[in-house]
Amino acid sequence: MQDITDKEGEALDEYYTEHLPVTDPSKGGVTTQQGFRMVAIDRLSEDYLLTKAIAAHKTPTEIIGELVREKIAALAT
């Protein structure tokens, strides 16, 4: 697995400094300030999603949605 660069690390640090995750036991896990529920994924997937999300100014959920729609579109052709 490839480590992230210093620039990517700084971007992640800045993002999580501004968007602290909070726990909410009533929702069964960790949620962000924007109300997104976090799920467990492998380290490579996590690094990819967070890096893409930060670079695109989107949420990891939006990136996942785009990937799923691309996969569906590819299957339809």
Side-chain angles (χ1 to χ4, degrees):
M1 178 182 350
Q2 183 179 2
D3 290 334
I4 62 173
T5 66
D6 288 340
K7 185 176 180 179
E8 292 167 330
E10 290 169 5
L12 288 171
D13 178 57
E14 181 179 331
Y15 177 82
Y16 281 107
T17 297
E18 296 174 7
H19 304 90
L20 295 174
V22 294
T23 59
D24 186 348
S26 69
K27 294 184 179 177
V30 177
T31 57
T32 66
Q33 290 176 342
Q34 294 82 13
F36 298 109
R37 186 163 177 222
M38 298 176 74
V39 297
I41 56 175
D42 63 84
R43 176 74 189 265
L44 177 63
S45 299
E46 176 186 8
D47 289 345
Y48 177 84
L49 287 170
L50 291 175
T51 302
K52 287 292 188 181
I54 290 168
H57 302 288
K58 296 181 179 183
T59 66
T61 303
E62 290 171 316
I63 301 297
I64 292 169
E66 290 173 0
L67 292 170
V68 169
R69 283 186 286 284
E70 286 174 15
K71 200 66 148 166
I72 292 170
L75 291 172
T77 57

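Since we're looking at a predicted model, the values are computed, not measured.
- To the nearest 0.5 Å, atom NZ of residue Lys58 and atom CD1 of residue Ile63 are 5.5 Å apart.
- Summarising the geometry of Arg69 relative to Glu62, their closest heavy-atom pair is NH2-O, 4.3 Å, with the distance given to 0.1 Å.
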**Item:** Stepwise salt bridge (Lys or Arg N to Asp or Glu O under 4.0 Å) check, Lys52 with Glu66
**Value:** CA-CA 11 Å; Lys52 287 292 188 181; Glu66 290 173 0; over 6 Å; no
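- Heavy-atom minimum distance, Leu50 versus Pro60: CD2-CG, 3.9 Å.
- To the nearest 0.5 Å, atoms CD (Glu18) and CD (Glu14) are separated by 5.0 Å.
- Neither Leu67 nor Leu75 shares a network with the other; the hydrophobic side chains, linked directly or stepwise wherever heavy atoms of I, L, V, M, F, W or Y lie under 4.5 Å apart, form separate groups for each.
- When all heavy atoms are compared, the tightest approach of Ala53 to Thr59 is CB-C, 3.8 Å.
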